[in-house]
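Read through the structure below, which is laid out as structure tokens, and then see the notes.
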Amino acid sequence: MSEVLLEARDLEKRFGGVRAIAGVDFRLNRGELRCLIGPNGAGKSTFFKMLTAQLRPSSGRILFEGRDITALEPQRISRLGIGIKNQVPSVFDGIPVYEGLWLAAASRHPGAEAAGIVSEILERLDLGGISDHLVGTLAHGQRQWVEFGMVMALRPKLILLDEPTAGMSHDEVKRTAELIRELNREAALIVVEHDMQFIRDIAATVTVFHQGRILMEDTMANVQKDPKVREIYMGTAADA
Amino acid sequence: MAEIRGSRGGLPERRWWLAVAVVLIAALALPNLVGEYPLLQLSVVAILSLVSMSEGFLWGFVGILSFGQTAFFGLGGYTYTVAALNFDQTTLPLLAAIVLPALLALVIGYFMIYGRIGDLYLSVITLVVTLILEKAMRATSGSQYVIGSVRLNGQNGIPTVPSLAIPWSHGQTLDLTGVFYLSVVCLAIVYVALRLLLQSRTGRVFVAIRENDQRAQLLGYDSRVYKLLAFVIAGAVAGFAGALYGVWGNFVSPDMFSLSQSAQILIWVIVGGRTTLVGPIVGCALIEYLTTALGTAAVGQVTVIMGLILMFAVVFFRRGVIPSLGDGARLLWRHIQSRGARGANVSQ
Amino acid sequence: MEQTVIILYQVLYSFSFLVLICLGLAVIFGMMQVINLAQGEFIMLGAYVCNVAVKDGVSLWLSFLIAAVAVGLFGILVERVLIRFLYGRIIDTLLATWGLSIFLVGGTTIVMGPTTNSIPAPFGTMYIGAYGIPAYSLVLIALAFVLLIGTYALMRYTRAGLIARGTMQNPVMAAAFGIPPQTVYMLTFGFGSALTGLAGAIIAPLSGVSPTMGIFFIAKAFVTVIAGGPMVLLGTISASALFGSISGVVDYLTSSVLGEICVLLVAIVLLRLLPSGITGKFRRGI
């Protein structure tokens, strides 16, 4: 088996005349933990959606474990072992927390085993107290946890997290960082985040997106020192 | 470990089986208690409830709003009739009336669901399909429109639908009471089957798809297969109901495909609510009762009332008329209780 | 030669007829993303108003105008009591307006009776060779074109049209100019309804007038508008042209039921191939 888990080759996504992703080459190794940063509109979410076939690339290829997954359906990609938590929580609002987690576990595991996985996740994420609440009635932070739990229940090889700490309290953010480190023992992760402190906490390699391209790839310390990165962040700050 | 409450998946509770059995036994005792005319009415309610339930199942649990369950209902009726008249037996035609509509549902469903057509267009296409069938059937009044030895008779329909022959009974046919028993038992069987289906893994995935199709796919479920399966099941149930309807009245006509019939089905489901499988049955029974009570002299009035229900239920009772009224009553009850409790506190 | 003229006439007539029964629906759908399944009954109301007016001795042309105004006002009423609660819920709007359609059929049956009335078509019969056509149908064709051009001009060149298009694209922006979006929606729905009422009056002399007449139009109007897609006028014109040609030619060759069935079948296939209609690929416009 190759060391490279995921690879994107010259990936492009055009919306009308706009190039949301303008030629991205990206590699992720097995077991790696990577952060994507970049100003809004840099193409991070679009990139994630293409990796999970929620959007189709205009051109380019995506390889997972050496296999071309560019044209596969979302459910096939999920079954190959990529799980995603979207930026806007994509959960089942009208059913209880337990049921949502069970559906995730049961997509891979037979009934009895699935129930075991759900119990474990409820405990690990401390959702036991609200396991029979409807997901739609929960606060934003809790909905994030539920989605998190569903992704975990899939036991994926690659976990994509799009802004996992949005709307979370300080304590919750810390727990999320711990959880990510734990998950990283079994799976590779790519995390889109804006919180620099959080990124330092999980100590990941950072890929900077800017205007649909990869600007640089390095440690957080080096990225923060880089004048170009400072410029795009300051630039957007000045625009805002 | 966290305690997990409530029944989730698995088999229904014993209470539920008991309730179904009691209702079924009570229903089967009815022929001894009521006259022929009420029995005839109750039979047709049971038959139409099947269609109503097929729509409620599809709309309420899978999130597919079909405007054309009538397409399968009518096709089932005609399939049974034409086959029974041609082959001079009724058991296989009854099966054909399940298979052919299911096949039609498979074809249309594949076409729509695998084409990733949006909700609006799905509703439009199901509506158009039933309209096509209706128009085609109405156009068959000429003597050249014959299937086997059966003239389709266009507008006028076929008034010679054979009664069901009891298998291995040398040509004995089901009488009025027999049709009643058959309809009620079939309704019970389909109800129990759908309920069990909904509690199985497949049924739980249906609900997941209703809630969030995209998330279901991201979890690894091929939602198209599930939706297609549900659409075919609903089509088969509606087709079967169509055959029973033909048996019940010894008559099928293009009206079975009509727009007013499709609207009727939606009204049943809206009135009864689509959060349960029983809701559409209750809705159907209630509306049919009202229609009969208002009488045939009041055709205009009945139509006006149906229209008003459909118009305003959508605005005011989004969960269905009966469930919403139930919610309202519960709220009111709680309000009264809490006021009572406060009153008691004050008196202390 | 004679045959060519007849087929051309058939196609042109089918096209114009479709344009008439669709235009109001298309305006409402294109501008507001609302589908009025009671379109057929709005046509029926227009026809009835025209019928009553003519019976009371009003001239046919003035009756057209009265029908437009009456159904337009009725449309505003409907928008206020029903449609405005359902913006953004397109399927619920379908259900509610379906209810409205049933209600109107029932109501009209109670008030006017279930019988079919007729308005005598002026100008008698014209002959193309041995083939007789009602001369009034040429008036209908002409009026369809007038309405089409008039609607285009109204939306393209007048201030009202500009405001309406602006609001549909960005309600907040339009509100900033001091025009409440609710008012614009209400008037747009009213305008669409008026067009439909007028259409009902125009076709009444050829179609007859009965409470259930709407059912004959709704399927055609509905699929034409949906197949036309998001651009109101271009969509209506192209879908009407396509379906009009099919139904014109098939009508000429066989029976008229088959023409309609063909149209519906083509519509289904078209929706499968172009899920957002013929003009779905274009940028927004009219």
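Within every chain, numbering begins at 1; the chains are lettered A, B, ... in the order of the sequence lines, protein sequences first and strands thereafter.
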> What do you reckon, is CG of Leu308(B) surrounded by more than 12 foreign heavy atoms closer than 6.0 Å?
Replying inline: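 Yes, because the 6.0 Å sphere around CG of Leu308(B) holds more than 12 heavy atoms from other groups.
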
> Would you find more than 12 non-hydrogen atoms of other residues, nucleotides or ligands less than 6.0 Å from Tyr114(B) atom OH?
Replying inline: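 Yes, enclosed.
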
> Do Leu82(C) and Val314(B) come close enough that some side-chain heavy atom pair is under 4.5 Å?
Replying inline: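 No - every pair of side-chain heavy atoms lies 4.5 Å or more apart.
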
> Heavy-atom distance under 4.5 Å between the side chains of Ile91(C) and Leu65(B), does that happen here?
Replying inline: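 Yes. Closest side-chain heavy atoms under 4.5 Å.
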
Can you tell me how far [atom2] of [Y] sits from [atom1] of [X], rounded to the nearest 0.5 angstrom?
X         : Y         : atom1 : atom2 : result
Leu94(C)  : Leu310(B) : CG    : CG    : 10.5 Å
Ile226(C) : Ser123(B) : CD1   : OG    : 9.5 Å
Leu127(B) : Ile268(C) : CG    : CD1   : 10.0 Å
Phe312(B) : Phe103(C) : CZ    : CZ    : 8.0 Å
Leu120(B) : Ile35(C)  : CG    : CD1   : 5.0 Å
Arg138(B) : Ile261(C) : CZ    : CD1   : 11.5 Å

> Who wins among Thr109(C), Ile110(C), Val81(C) for the most heavy-atom pairs under 4.5 Å with chain B?
Replying inline: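 Between Thr109(C), Ile110(C), Val81(C), the count favours Ile110(C).
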
>> Please rank Leu95(C), Leu37(C), Thr108(C) by heavy-atom pairs under 4.5 Å with chain B and give me the top one.
In response: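 Of the candidates given, the most pairs with chain B belong to Leu95(C).
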
Counting only heavy atoms closer than 4.5 Å, note whether [X] contacts chain C via side chain, backbone, both or neither.
X         : value
Leu266(B) : side chain
Thr130(B) : neither
Ile108(B) : neither

> Does any heavy atom of chain B fall under 4.5 Å from the side chain of Ile218(C), the backbone, both, or neither of them?
Replying inline: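 Side chain of Ile218(C) only, per the 4.5 Å heavy-atom cut-off to chain B.
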
> Leu264(C) versus chain B, heavy atoms under 4.5 Å apart: side chain, backbone, both or neither?
Replying inline: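 Answer is both: backbone and side chain atoms of Leu264(C) are under 4.5 Å from chain B.
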
Most contacts with chain C, counted as non-hydrogen pairs under 4.5 angstrom, among [options]:
options                                    : result
Ala313(B), Ser258(B), Ser262(B), Ser260(B) : Ser262(B)
Met112(B), Lys135(B), Met311(B)            : Met311(B)
Val129(B), Leu259(B), Leu131(B), Ile270(B) : Leu259(B)

> For the residue pair Val269(C) and Phe111(B), what are the closest heavy atoms and their distance?
Replying inline: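 Looks like CA-CZ, 4.0 Å.
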
